[in-house]
**Q** 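I'd like to ask you about the structure that follows.
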Amino acid sequence: MKLKKVLLATTNAGKVKEMKRLLGFYGIDAEVPDEDLRIEEGSSSFLENAYLKAQAYWERYRKPTLADDSGLVVPALGGYPGIFSSRFYSHEYGGKEEVIATKDDANIRKVLRLMKEVKDRRATFVAFLVLNLGYSGYWSKGECNGVILTEPKGSGGFGYDPIFQPEGSEKSMAELTPEEKDLLSHRGKAVRNLMSIIKNGGLT
Ligand code: ITT
């Protein structure tokens with residue numbers, strides 16, 4: 001069976017844009033749900049959260065569903081923002097940050113505040129994907145190592161991209177072209193890993 005279309009189990013516009021591009025390369029059409037199921041990401045792992053999202057959208061739509069749970073892991077912050085990346089501004093760890101413009105902006109301000117005096121600036125973007133086919137499923141992972149910058153740079157991408165500089169690059173993730181980000185990013189790697197897995201399972 002060839003996988004031609006998937007439903008993206010996400011409400012994040014930045015992820016949707018990247019997923020459409022990454023999957024399009026493999027001839028897979030990515031569809032967006034017409035409602036936000038507001039899934040409680042109650043688990044303590046990226047993989048389980050991705051599974052919970054993929055399962056909820058599968059149950060609602062009964063279509064091949066692809067979920068992404070991702071985030072920025074900073075060792076000097078004990079692994080935070082981690083699975084709390086999307087709402088780090090409102091998390092008790094490190095104190096809450098006021099949303100003045102956007103949530104992404106508040107998240108960035110909080111990480112920069114917590115990292116102000118910190119020498120060890122290593123960080124890793126992590127993405128776990130779960131493809132739910134109802135009768136079976138697949139999962140994959142992608143990582144991108146880098147460092148946290150001292151101030152935001154660039155306007156591309158989304159989320160923490162302006163303060164993350166991938167290993168081997170002189171630019172922040174938000175200064176890369178979409179194609180450059182796809183080559184390096186956790187999501188790009190996770191999609192390519194998923195594609196090689198489902199190819200071996202006879203799905204592409
Ligand atoms: P869905 O659950 O609806 O998919 P979400 O944004 O809540 O949307 P997550 O719980 O997986 O998704 O949180 C991911 C967060 O991690 C995201 O909101 C960003 O803050 C950050 N993030 C993930 N991938 C990123 C990327 O490529 N660039 C920058 N930040 C990223």
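Just follow the structure's listing: the first ligand is 1, and inside any ligand the first atom is 1.
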**Q** Would you please determine whether L72 falls within less than 4.0 Å of ligand 1 on a heavy-atom basis?
**A**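 So L72 does not count as touching ligand 1.
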**Q** Are V118 and M115 close enough that some pair of their side-chain heavy atoms sits under 4.5 Å apart?
**A** yes
**Q** Please determine whether any non-hydrogen atom of H186 lies less than 4.0 Å from an atom of ligand 1.
**A** yes
**Q** For S90, enumerate each residue passing the side-chain contact (heavy atoms from CB on, under 4.5 Å) test, keeping only those at least two apart in sequence or located in another chain.
**A** R87
**Q** Could you name the option among F158, Y89, F164, F128 that has the heavy atom nearest to atom 29 (C) of ligand 1?
**A** F158
**Q** Under a 4.0 angstrom heavy-atom cut-off, which atoms of ligand 1 come close to S85?
**A** 15 (C), 16 (O), 20 (O)
**Q** Give the atom numbers and elements of ligand 1 that come within less than 4.0 Å of a heavy atom of G159.
**A**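 The atoms of ligand 1 under 4.0 Å from a heavy atom of G159 are 29 (C), 30 (N).
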**Q** Could you pull out every donor-acceptor pair under 3.5 Å between side chains of residues 70-85 and any protein atom, sequence neighbours left out?
**A**
| unit_1 | atom_1 | unit_2 | atom_2 | d |
| --- | --- | --- | --- | --- |
| S70 | OG | D68 | OD1 | 2.8 |
| S70 | OG | R187 | NH2 | 3.1 |
| S85 | OG | L72 | N | 3.0 |
| S85 | OG | G82 | O | 2.6 |

**Q** Pick, from K181, E18, M173, the option with the minimum heavy-atom distance to atom 27 (O) of ligand 1.
**A**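 Residue with the shortest heavy-atom distance to the ligand atom: K181.
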**Q** When you compare ligand 1 with D104, is there at least one nitrogen or oxygen pair between them that comes in under 3.5 angstrom?
**A**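 So ligand 1 has no N or O lying under 3.5 Å from an N or O of D104.
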**Q** Would N107 and E97 count as having a side-chain donor-acceptor pair, cut-off 3.5 Å?
**A** no
**Q** Considering distance alone, does some N or O of K53 sit under 3.5 Å from an N or O of ligand 1?
**A**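 N/O-N/O distance under 3.5 Å: yes.
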**Q** Is there a heavy atom in S185 that sits closer than 4.0 Å to ligand 1?
**A** no
**Q** Test D182 against every option in R192, R21, K189 by the side chain to side chain donor-acceptor pair (under 3.5 Å) rule and name the one that passes.
**A** R21
**Q** Check the orientation of F164 and F125. Use parallel for under 30°, tilted for 30 to 60°, and perpendicular for over 60°.
**A** tilted
